[in-house]
Amino acid sequence: MILSGSASQSVATALADELDEPLAPVEYRTFPDGELLASAPGFENDRAVVVASTVSSDAHLELLQLQDAAREWGAEEVTTVLPYMGYARQDKPLAPGQAKEGSAPGYPVSARAVARAISTGTDRVLTVNPHEDAVCDFFDVPAEPVDAAGRLADPLPDDLIDPVFLSPDDGALVIAETVRDAYGRGATDYFEKKRLSGTEVEVTPSDTDVTGRDVVVTDDIIATGSTMSEAVSLLQQRDVGRVFVTCVHPMLARNARTKLARAGVEAVYGTDTVERAVSRVSVAPAVANAL
Ligand code: R5P
């Protein structure tokens, strides 16, 4: 039986369809003091799959409550699916003014802290395209990444002209390659990126000739949209064809969507790990395969 966090109802429903498993009747309440109660009063099953993208602190809390609710009903096996794992990018201590390396006494490794908490209520964890697969090592139970990036090729038009699948930094090149392979043709390339602050990045283009070519810029996540909009602006200065933007996790915080539009994107596509208007494809088949 599948228990869904309130922010993950689309992907949980798609997963239920894929697996032909029932959805538990889950309820979400907020008390006057702001405390939450996610419950599954009709749940009774040996096997629970809790599906919750931890897109906010509330979503983290709901996940812990649903894991506990499943145990209360006597589930012998609880699997946790994190379509999007919040705090995964904080996988090193982030002391102000310090590079993301080495130790920083007094600063948490937030990804490890949330992984430890999630581990207490589950036997196994699956997480879709985490920023780094190594984040799985932070869990105290078996945890594995699920690669759903290939689905990002689905909404792309069939008529891309001499396409380049580009990542805005070298870390996401593997995702660009996966999308290119799924699309079936095209080159891959990457830009260099230096992060200046939470909302500012400096992107240095490669010397690939993109004149008249359609470019698909691909990343694991669009958060503030700074990385993508910077990459798209650079492409627009180079007489590019159409520019499409795809990502696994369309967080699209604050003004990210309009930033991308102003930079000149043709379309933005993401998956349902984060429920947004651009969530055009589901990661459910990839998760179902891994379960
Ligand atoms: C970082 O390396 C990630 O792959 C993304 O490029 C980054 O987190 C996107 O963040 P933002 O949209 O805020 O630039």
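One-based numbering along the sequence shown. Both ligands and their constituent atoms are indexed starting at 1 by order of listing.
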- Message: When you group the ILVMFWY residues by side-chain heavy-atom contacts below 4.5 Å and let the links chain together, are V81 and Y84 in the same group?
- Response: no
- Say whether I222, considering both its backbone and side-chain N or O atoms, lies within less than 3.5 Å of an N or O atom on ligand 1. no
- Message: Within the structure, is a non-hydrogen atom of G171 found at a distance of less than 4.0 Å from ligand 1?
- Response: no
- Pick from D140, T80, V141: which one makes a side chain to side chain contact (heavy atoms under 4.5 Å, CB included) with I118? T80
- Query: Of the protein's non-hydrogen atoms, which lies at the shortest distance from atom 13 (O) of ligand 1, and what is that distance?
  - Reply: T224 OG1, 2.5 Å
- Query: Is ligand 1 less than 4.0 angstrom away from at least one heavy atom of D219?
  - Reply: yes
- Any idea which protein heavy atom is nearest atom 10 (O) of ligand 1, and the distance to it? R195 NH2, 3.3 Å
- Measure the spacing between OG of S4 and CG of L23 and express it to the nearest 0.5 Å. 7.0 Å
- For atom 2 (O) of ligand 1, the protein heavy atom that lies nearest, with its residue and separation: H131 CE1, 3.1 Å
- Of the listed options (V248, D169, T227, D170), which comes nearest to atom 14 (O) of ligand 1 when hydrogens are ignored and any heavy atom counts? T227
- Message: Set out, in order, the CA-CA distance, both residues' side-chain angles and the distance that settles side-chain hydrogen bond (donor to acceptor under 3.5 Å, both in side chains) for S53 and T273, then state yes or no.
- Response: CA-CA 7 Å; S53 284; T273 63; 5.4 Å; no
- Parallel, tilted or perpendicular: which fits the ring planes of Y269 and F244, with parallel below 30° and perpendicular above 60°? parallel
- Message: Students should be able to answer this: which protein heavy-atom is nearest to atom 8 (O) of ligand 1, and at what distance?
- Response: R89 NH1, 2.6 Å
- Nearest heavy atoms of D272 and S282, plus distance in Å: OD2-OG, 2.6 Å
- Could you check K193, R195, K194 and say which one makes a salt bridge (charged side-chain N to carboxylate O under 4.0 Å, His left out) with D169? K193
- Message: Check R71 with D123, please: is the shortest side-chain N to carboxylate O separation under 4.0 Å?
- Response: yes
- Task: Run the numbers for me: atoms of ligand 1, each under 4.0 Å from some heavy atom of I221, listed by number.
- Result: 5 (C), 8 (O), 9 (C)
- Looking at ligand 1, does M251 have a heavy atom less than 4.0 Å from it? no
- Task: Say whether K193 and ligand 1 are in contact under the criterion: heavy-atom distance to a ligand atom below 4.0 Å.
- Result: yes
- Message: Regarding ligand 1, does A223 bring an N or O atom to under 3.5 Å of one of the ligand's N or O atoms?
- Response: yes
- Message: I'd like to check which ligand 1 atoms, numbered from 1 as shown, lie under 4.0 Å from a non-hydrogen atom of D220.
- Response: 3 (C), 4 (O), 5 (C)
- Message: Return the CG to OG1 distance between D207 and T204, rounded to the nearest 0.5 Å.
- Response: 12.0 Å
